[in-house]
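A quick write-up on the structure given underneath.
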Amino acid sequence: MTTTGIASLGLALPSRYLDVRDLAALRGVDPDKFTKGLGCHEIALLGEGEDVVTLAASAAERALARWGGSPKDLGLVAVGTETAQDMSRPLSAFVADAIGLRGAYRSYETKHACYGGTVALRQALEWKASGAARGKAALVIASDVALYAPKDPGEPTQGAGAVAFIVDDASVAEVDLESHAWAEPAFDFWRPVGESFPRVDGPLSLACYETATTECFRQLAGGRPLADVLEGFAALCFHVPFPKMVKKGVMKLGEAQGWDEGATSALFESKVMPTMEWNRRTGNSYTAALWTSVAKALAGAASGTRVAAFSYGSGFGSELLTLTAGPAAAAGAWVADVEGDLARRERIDADTYLAYRGA
Ligand code: COA
């Protein structure tokens with residue numbers, strides 16, 4: 001196989017979680033607000049000794065282990081994150097320390113809120129396609145820990161996780177070189193230097209996300225009826241800050257296209273909702289959230305299945321990618337990462353969460 005794409009996938013989730021109903025009881029909120037109002041269910045939380053680096057390293061080791069190549073075949077290692085450990089030293093260096101990588105490869109970190117992982121992946125794909133890779137592969141990782149200030153309205157949407165890709169042949173998925181980007185400067189979600197938690201303008205964040213969705217899918221349609229174009233896709237994956245936000249983005253897209261509300265809802269239920277099954281168990285994992293959804297959609301997909309992936313990062317930048325499942329998608333080897341981590345993790349109670357957060 002000579003086409004460029006994703007040759008291997010690995011995912012990692014932290015070892016603890018909190019049920020959002022326990023958070024609702026702790027904060028004196030009706031649990032239905034979190035489960036029905038926002039569509040959230042569980043918040044993945046770090047355990048002892050875990051951080052954004054251990055998550056990234058674990059996902060990377062899993063992707064490397066199920067790839068045919070070896071670390072010396074890598075020519076690029078890039079990590080997309082908004083959980084930077086340092087203002088200068090890239091997260092890729094922390095990960096290289098953790099998994100023992102060194103050699104003739106380019107190493108860097110990318111930042112653009114939740115879009116940062118997609119940027120790293122696109123760059124790796126374009127580097128491969130350009131010929132500059134000279135036969136080498138890329139290790140790309142999207143890893144984040146999403147925490148808000150205690151009692152912040154965003155608290156039920158917290159989460160964590162990492163997705164690692166080997167960019168080489170298209171065994172898992174071919175990614176089309178043509179993609180559809182849209183960016184506008186906005187302060188919808190940001191974290192000033194020196195502050196531990198993000199600041200969010202929730203309504204603006206939603207408005208930006210809706211604009212980005214509408215503009216990127218308009219480009220995908222390219223003058224054809226979008227509904228016809230989307231018929232060719234088995235799954236539509238979105239960046240998932242929380243499931244209700246995705247639904248709002250899809251409903252706005254339908255409105256912009258002049259679709260009947262029922263038809264848009266049906267599209268959401270059939271092609272979007274199933275892709276968020278793992279996201280509901282992890283919460284928002286920022287750069288990893290879209291790719292957790294894509295990993296779910298590709299798992300078990302027959303070769304040739306088309307999947308769309310809409311990436312959004314506050315600030316804001318967005319890009320719609322289109323993928324075709326390769327021969328290794330049907331076996332979905334990475335399902336074992338998610339199922340294993342979910343089965344092993346510990347549910348913590350509200351008191352433990354309170355002690356963990358300090359308020
Ligand atoms: N039962 C069922 N639903 C309820 C409810 C109840 N008891 N109480 C409230 N709700 C619903 C509301 O109607 C609302 O749904 P709607 O938007 O469809 O009308 C939803 O729950 C949220 O309620 P709201 O009052 O808007 O929540 P909030 O002001 O506490 O804000 C967030 C919470 C998460 C929406 C807000 O903090 C936010 O937008 N955060 C950031 C978004 C983000 O993550 N951006 C990152 C970049 S993409």
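As the structure lists them, so they are numbered: ligands from 1, and atoms in each ligand from 1.
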Please tabulate, for side-chain N and O atoms in residues 174-193, each donor-acceptor pair with protein atoms closer than 3.5 Å (sequence neighbours left out).
from, atom 1, to, atom 2, distance (Å)
Asp176, OD2, Arg306, NH1, 2.8
Asp176, OD2, Arg306, NH2, 3.1
Asp176, OD2, Thr322, OG1, 2.6
Ser179, OG, Glu319, OE2, 2.6
Trp182, NE1, Glu184, OE2, 3.0
Asp188, OD1, Gly315, N, 2.9
Asp188, OD2, Tyr312, OH, 2.5
Asp188, OD2, Ser314, OG, 3.1
Arg191, NH1, Glu195, O, 3.0
Arg191, NH2, Glu82, O, 3.3

Run the side-chain donor-acceptor check on residues 295-305: report pairs under 3.5 Å with partners two or more places apart or on a different chain.
from, atom 1, to, atom 2, distance (Å)
Thr305, OG1, Ala302, N, 3.4
Thr305, OG1, Ala302, O, 2.6

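Between Tyr353 and Tyr356, the ring-plane angle classifies as tilted under the 30° and 60° cut-offs.
Look at Arg102 and Asp97 and you find no salt bridge, because none of the NZ, NE, NH1 or NH2 atoms lies under 4.0 Å from a carboxylate O.
Remark: the Arg357 side chain and the Gln158 side chain contain an N/O donor-acceptor pair separated by less than 3.5 Å.
Near ligand 1, residues Asp30, Asp32, Lys33, Gly37, Leu38, Tyr148, Pro153, Gly154, Thr157, Phe189, Val200, Gly202, Ser205, Pro241, Phe242, Lys244, Met245, Lys248, Tyr312, Ser314 each place a heavy atom inside the 4.0 Å sphere around the ligand atoms.
Screening residues 249-261 for side-chain hydrogen bond (donor to acceptor under 3.5 Å, both in side chains), with sequence neighbours left out, gives no hits.
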